[in-house]
Amino acid sequence: MFSKDQTAGRVVCLADYGRLKAGAIVPESNELYADVEAWIAEGNTLAEFKGYPDTRLLDDVKQAAMRRINSAYEAELASIRSEYPESEQMTWDKQEREARAFLADSATATPLLDAMATGRGMDKAELATRIIAKADAWMQASGLATGKRQALEDQVKAAETVEAVEAIGW
């Protein structure tokens with residue numbers, strides 16, 4: 001069975017026939033086009049042209065899918081981080097450690113929290129509570145996105161066809 005791209009003057013072999021294998025693309029100028037003409041002479045008709053077969057390698061498609069997924073993952077988390085300057089983000093771990101330590105024991109030394117509370121003119125306990133709430137919210141969002149990315153990675157690895165991989169999206 002064949003379909004023909006009338007614009008380009010090429011046929012696509014849809015099923016093995018003679019010397020032609022499924023997926024072969026044969027221009028009218030190719031000697032194998034005689035096989036297509038023989039098939040038509042047998043009373044067969046060309047199928048509607050629905051495009052050329054996808055000849056990309058499955059591993060290449062999987063790698064491209066993982067790049068798309070990882071980019072979407074980074075974009076989702078970057079949208080949260082974009083609300084904060086990079087220099088502040090570099091202090092998040094220390095802010096959280098000091099805030100949790102302070103709320104567990106108010107005698108704990110917290111030089112970063114002390115400076116932040118002074119700079120904001122805010123009670124240190126209130127600041128610590130806010131920092132922990134934001135840290136927990138970040139971990140929730142990060143965890144959800146990470147779990148989603150990992151689940152999609154599992155789906156990509158398990159996919160057995162190009163079509164299955166292409167159906168996987170963020």
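Count residues from 1 along the sequence.
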Show the nearest heavy-atom pair for residues [X] and [Y], with the distance to one decimal.
X      : Y      : value
Ala164 : Ala159 : CB-CB, 4.0 Å
Ala65  : Val165 : CB-CG1, 3.6 Å
Trp170 : Ala145 : CH2-O, 3.5 Å
Leu113 : Ala128 : CD2-CB, 4.0 Å
Gly23  : Pro53  : O-CG, 3.5 Å
Arg56  : Val162 : NH2-CG1, 3.5 Å

Check: [Y] and [X] side chains under 4.5 Å, non-hydrogen atoms:
X     : Y     : result
Pro85 : Glu88 : yes
Phe49 : Val12 : yes
Ile40 : Thr45 : no
Trp39 : Leu46 : yes
Val11 : Ile25 : no

Examine distances only and state if a side-chain atom of [X] and a backbone atom of [Y] form a donor-acceptor pair shorter than 3.5 Å.
X      : Y      : value
Asp16  : Ala22  : yes
Ser106 : Phe102 : no
Gln89  : Tyr84  : yes

Is [Y] reachable from [X] through a run of I, L, V, M, F, W or Y residues, each pair having side-chain heavy atoms under 4.5 Å apart?
X      : Y      : value
Met139 : Leu103 : no
Ile69  : Ile80  : yes
Leu58  : Ile168 : no
Met122 : Trp92  : no

[atom2] on [Y] to [atom1] on [X], rounded to 0.5 Å:
X      : Y      : atom1 : atom2 : value
Glu126 : Ile131 : CD    : CD1   : 10.5 Å
Ile132 : Glu96  : CD1   : CD    : 7.0 Å
Leu152 : Met66  : CG    : CE    : 8.0 Å
Glu74  : Ser79  : CD    : OG    : 11.0 Å
Lys50  : Asp5   : NZ    : CG    : 15.0 Å
Arg149 : Leu144 : CZ    : CG    : 14.5 Å

Verdict with reasoning, Tyr73 to Glu153, per side-chain contact (heavy atoms from CB on, under 4.5 Å): CA-CA 11 Å; Tyr73 168 80; Glu153 179 180 25; over 6 Å; no
Inspect the contact between [Y] and [X] and indicate whether a charged nitrogen and a carboxylate oxygen are less than 4.0 angstrom apart.
X      : Y      : result
Glu76  : Arg81  : no
Asp136 : Arg100 : yes
Lys134 : Glu83  : no

Partner set under side chain to side chain contact (heavy atoms under 4.5 Å, CB included) for Leu32, not counting sequence neighbours: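 Residues passing side chain to side chain contact (heavy atoms under 4.5 Å, CB included) with Leu32: Arg19, Leu20, Val26, Asn30, Asp35.
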With Ser142 via side chain to side chain contact (heavy atoms under 4.5 Å, CB included) - residues at least two apart: Leu77, Trp138, Thr146
Contact list for residues 105-124, test salt bridge (Lys or Arg N to Asp or Glu O under 4.0 Å), sequence neighbours left out: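 Counting only pairs at least two positions apart or across chains, the salt bridge (Lys or Arg N to Asp or Glu O under 4.0 Å) contacts touching residues 105-124 are Asp114-Lys124.
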Candidate pair Val156 and Val61, rule side-chain contact (heavy atoms from CB on, under 4.5 Å), full reasoning: CA-CA 9 Å; Val156 168; Val61 175; over 6 Å; no
Flag if over 12 foreign heavy atoms under 6.0 Å of CD, Glu42: yes
Thr91 and Leu112: CA distance, side-chain angles, deciding distance, side-chain contact (heavy atoms from CB on, under 4.5 Å) verdict: CA-CA 9 Å; Thr91 69; Leu112 179 58; 4.1 Å; yes
Residue pair Glu28, Lys4: steps toward the side-chain contact (heavy atoms from CB on, under 4.5 Å) verdict: CA-CA 10 Å; Glu28 292 174 344; Lys4 185 170 185 178; 2.3 Å; yes
